[in-house]
Each structure stands twice: as C-alpha cells, then as structure tokens.
Amino acid sequence: QVQLVESGGGLVQPGGSLRLSCAASGRILSINAMAWYRQAPGKQRELVARITTGGSTNYADSVKGRFTISRDNANNIVYLQMNRLKPEDTAVYYCAATHGPATAARVDEYDYWGQGTQVTVSS
C-alpha cells in the first residue's frame with residue numbers, strides 16, 4: 001500500500017502562486033510515476049502534470065509554462081508549483097501514484113490517490 005497526503009491548497013487571487021505538496025509513504029519503491037490531477041465542479045477529473053521515477057515530466061496544455069512538477073526523492077515528496085493562476089484553475093487537486101506504466105494518463109491507471117486539496121482562484 002501507498003499513502004498520499006496533499007497539502008498547500010487555499011484561496012489565491014488571479015495571477016498569484018501556490019505550491020502543493022504530496023507526501024508519499026509505504027511501498028513507494030515500486031511506484032513508476034506520480035501525478036497531479038484536478039477536478040472542478042461538474043467536470044471530469046483531468047491530468048495536470050506527471051513525473052516519472054526517472055524525472056521525465058508531462059503537462060496538460062492548459063498549464064504548460066505556468067505549472068511545474070518536481071520531486072524530492074530524499075523525502076518522498078512531489079510538488080506542484082503553480083504560477084500565474086487563473087480562475088479556471090479552481091478545482092480540487094489530487095495527488096496520484098501508479099505501479100503501472102510510467103506514461104499512465106487515465107484515471108484508472110493510477111493505483112493510489114490522496115484526499116484532495118482545494119485550490120480557489122478568485123478576486
């Protein structure tokens with residue numbers, strides 16, 4: 001089992017920044033990729049960014065150039081730095097981990113999920 005605990009959400013004005021953290025524990029040595037997803041009210045959960053154990057990253061087009069995913073391997077933490085936030089970034093953000101393909105993109109390809117953290121971008 002793998003446990004994921006997110007933190008760092010909150011209310012921020014448009015143009016502002018937030019950094020989300022995801023602390024992982026348990027059977028983390030067999031994890032091939034970790035990702036951040038988000039889900040806005042009435043919408044499907046969507047992949048925001050993914051990072052593999054090798055450090056390769058992928059981003060949704062809507063966040064490229066504004067968000068950065070990174071990992072602290074020593075402390076088993078994955079971060080999502082979010083800059084130039086927009087109202088449309090408002091959502092619950094979830095951390096996810098997979099034992100499966102490092103290129104996992106579908107929700108059902110991820111084995112573990114955090115509880116989610118709310119990000120609200122509003123003036």
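Nearest heavy atoms, A102 versus A33: O-CB, 3.6 Å. Nearest heavy atoms, T98 versus E109: OG1-O, 2.8 Å. The nearest pair of heavy atoms linking L18 to G8 is CD2-O, 3.8 Å. What you find for Y37 and A105 is that their closest heavy atoms are OH-O, 2.6 Å. Heavy atoms only, all atoms of each residue included: P14 and S123 are closest at CD-N, 3.7 Å. Residues R38 and D89 approach most closely at NH1-OD1, 2.9 Å, considering heavy atoms.
Judged by the 6.0 Å distance and 45° axis criteria, R45 is positioned over the aromatic ring of Y94. For the pair R19 and Y79, the cation sits on the ring face: its NZ or CZ lies under 6.0 Å from the ring centre, inside 45° of the axis.
Between S122 and the choices L85, T90, L11, the side-chain contact (heavy atoms from CB on, under 4.5 Å) rule is met once, by L11.
At least one donor-acceptor pair under 3.5 Å links the side chain of Y59 to the backbone N or O of I69. A donor-acceptor pair under 3.5 Å is formed between the side chain of N32 and the backbone N or O of G100. A donor-acceptor contact shorter than 3.5 Å links the side chain of R50 to the backbone of T103. In terms of modelled atom types and a separation under 3.5 Å, the side chain of R71 and the main chain of T52 share a donor-acceptor contact. Without hydrogens or angle criteria, D111 side chain to H99 main chain gives a donor-acceptor distance under 3.5 Å. Listed for the N75 side chain is no donor-acceptor partner under 3.5 Å among the backbone atoms of D72.
Note: S7 OG to I77 CD1 = 8.0 Å, rounded to the nearest 0.5 Å. Going from atom CD of Q118 over to atom CD of E6 covers 12.0 Å, rounded to the nearest 0.5 Å. Going from atom OG1 of T68 over to atom CG of L80 covers 8.0 Å, rounded to the nearest 0.5 Å. Between atom CD of residue Q44 and atom CG of residue L47 there is a gap of 13.0 Å, rounded to the nearest 0.5 Å. Taking CD from Q1 and CZ from R27, the interatomic distance works out to 8.0 Å, rounded to the nearest 0.5 Å. Interatomic distance, OH of Y93 versus SG of C22, reported as 15.0 Å (0.5 Å rounding).
Connection of I51 to V2 is established within a shared hydrophobic cluster, with ILVMFWY side chains joined at heavy-atom distances below 4.5 Å, either directly or through further cluster members. Using a 4.5 Å cut-off between side-chain heavy atoms of Ile, Leu, Val, Met, Phe, Trp and Tyr, with links allowed through other members, M34 and Y110 fall into different hydrophobic clusters. V92 and V107 fall within a single hydrophobic cluster, where Ile, Leu, Val, Met, Phe, Trp and Tyr are joined by side-chain heavy atoms under 4.5 Å apart, directly or via other members.
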Review point. What do the steps show when you test M82 against V119 for side-chain contact (heavy atoms from CB on, under 4.5 Å), and what is the final call?
Key: CA-CA 10 Å; M82 306 186 292; V119 172; 3.9 Å; yes

Practice item. Just do the side chain to side chain donor-acceptor pair (under 3.5 Å) check on S17 and N83 with the steps written out, would you? Key: CA-CA 4 Å; S17 298; N83 298 327; 2.9 Å; yes

Practice item. Run the numbers on L20 and T117 for side-chain contact (heavy atoms from CB on, under 4.5 Å), then give the verdict. Key: CA-CA 8 Å; L20 305 183; T117 185; 4.0 Å; yes

Review point. Would D61 and K64 count as a salt bridge (Lys or Arg N to Asp or Glu O under 4.0 Å) if you check the C-alpha gap in whole Å, the side-chain angles of each, and the deciding distance to 0.1 Å?
Key: CA-CA 5 Å; D61 287 344; K64 281 181 181 176; 3.1 Å; yes

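For R84, the salt bridge (Lys or Arg N to Asp or Glu O under 4.0 Å) criterion is met by no residue, not counting sequence neighbours.
Proximity of the aromatic rings of F67 and W36 is defined here by a centroid distance below 6.0 angstrom, and this criterion is not met.
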